[in-house]
Every structure is written in structure tokens, then in C-alpha cells.
Student: 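Attaching a single structure in C-alpha cells format; questions to follow.
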Amino acid sequence: MPQPVKDRPDPNAPMRLKDIIPIAFPYGGITPAGLRREAKRGRLKLMRIAGKDFTTLAAIEEMQRLCVVEPEQKEPALHPDDEAKASLSAARAIVKELRETGKISTSLNRRRR
């Protein structure tokens, strides 16, 4: 079995949460409670032995991969005239559906005098 690098322990060796944080997150930003929340969300695998939580560097790397947030794709902005046409078209489609299903009668279209 290969020896672990001196700076980083074996990625599959279980470590207590408080001990693995300085290795996996050298600049901070996470606490044992934060790792437990990620485990509760199903993104981090934990082992509970004798009432203490353990995880591995490999499990944390997998969690980091699962936590990547992709940028949102924005739809191109519509010209105001296009927005008005789209709104009018949507309203007409709703009225047509209501007429076809009988939820609105054609007599409502006529003004009473």
C-alpha cells in the first residue's frame, strides 16, 4: 500500500470532523456543524462511531463536487413591443381555452345596455 504524502493524509482514512477541516479547508469557512448539515442534505457521507462523526477527504472532495453552483442562463431581454404582443397572445389563449371548456360564455362578450 502506498504511503500517504506527508502534507495530506490518506484520502480514505476516516478523520474526526474537527481534525479534517484544517486539511480540507485550509482557509476556513466551514465548521463541523456545517459539514453535518451537508450530510443531512445527502451531500456528505459521515460515519458515526461511538457517538463521534468521522468522514474522509475523498468524501469531502465528492461533497465539494456536488455543491458546485452552475451559473443561471438568462433569457434574452424582449423588446417592449414583443412583451406586449406575448402578453396579448397569452390572454387570448386563456380566453379561448375558457370558451372551449364552457367556463366562460360568449354572451359575456356583449355589452348590456
Side-chain angles (χ1 to χ4, degrees):
M1 182 178 224
Q3 293 294 321
V5 179
K6 289 182 182 182
D7 294 345
R8 267 178 93 82
D10 178 12
N12 295 312
M15 297 177 69
R16 296 273 310 265
L17 299 184
K18 67 182 179 85
D19 298 327
I20 204 167
I21 288 173
I23 299 166
F25 300 93
Y27 299 107
I30 193 89
T31 62
L35 291 178
R36 286 186 191 95
R37 276 193 299 275
E38 290 304 316
K40 198 172 194 175
R41 292 178 181 130
R43 293 188 280 227
L44 177 65
K45 293 180 184 176
L46 289 183
M47 295 168 263
R48 185 156 295 144
I49 302 169
K52 294 169 180 61
D53 292 328
F54 294 81
T55 193
T56 65
L57 287 172
I60 287 182
E61 287 174 5
E62 174 67 13
M63 175 202 69
Q64 290 170 335
R65 187 185 64 74
L66 293 171
C67 290
V68 170
V69 177
E70 297 294 330
E72 291 184 26
Q73 298 293 328
K74 291 188 176 183
E75 293 183 23
L78 292 177
H79 187 274
D81 291 341
D82 294 338
E83 287 181 23
K85 289 177 185 176
S87 296
L88 181 59
S89 177
R92 286 181 175 157
I94 291 170
V95 170
K96 181 180 177 185
E97 182 180 343
L98 290 173
R99 281 186 184 149
E100 289 173 355
T101 59
K103 293 183 179 177
I104 189 172
S105 72
T106 55
S107 65
L108 291 176
N109 293 334
R110 296 184 212 128
R111 295 180 86 176
R112 292 186 178 168
R113 294 183 190 229

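Side chains are part of it too, since the values below use all heavy atoms of this structure and drop only hydrogens, waters and symmetry mates.
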Student: What pairs of donor and acceptor atoms, side-chain ones from residues 62-70 against any protein atom, are under 3.5 angstrom apart with sequence neighbours left out?
Tutor:
from, atom 1, to, atom 2, distance (Å)
Glu62, OE1, Arg65, NE, 3.2
Glu62, OE1, Arg65, NH2, 3.4
Glu62, OE2, Arg65, NH2, 2.5

Student: By the side-chain hydrogen bond (donor to acceptor under 3.5 Å, both in side chains) test, which pairs, at least two apart or in different chains, include something from residues 43-52?
Tutor: Glu38-Arg43, Arg48-Asp53
Student: When rounded to the nearest 0.5 angstrom, what is the spacing between CZ in Arg37 and CG in Leu44?
Tutor: 12.5 Å
Student: To which residues is Met47 joined in a hydrophobic cluster, defined by side-chain heavy-atom contacts under 4.5 Å among Ile, Leu, Val, Met, Phe, Trp and Tyr, whether direct or through other members?
Tutor: Ile49, Phe54
Student: Let me check something: any side-chain donor-acceptor pairs from residues 11-33 under 3.5 Å, sequence neighbours excluded? List them with distances.
Tutor:
from, atom 1, to, atom 2, distance (Å)
Thr31, OG1, Ala33, N, 3.4
Thr31, OG1, Gly34, N, 3.1

Student: Sequence neighbours left out, what passes side chain to side chain contact (heavy atoms under 4.5 Å, CB included) with Ser89? Give chain and number order.
Tutor: none
Student: Report the residues that fulfil salt bridge (Lys or Arg N to Asp or Glu O under 4.0 Å) with Glu97, sequence neighbours left out, ordered by chain and then residue number.
Tutor: none
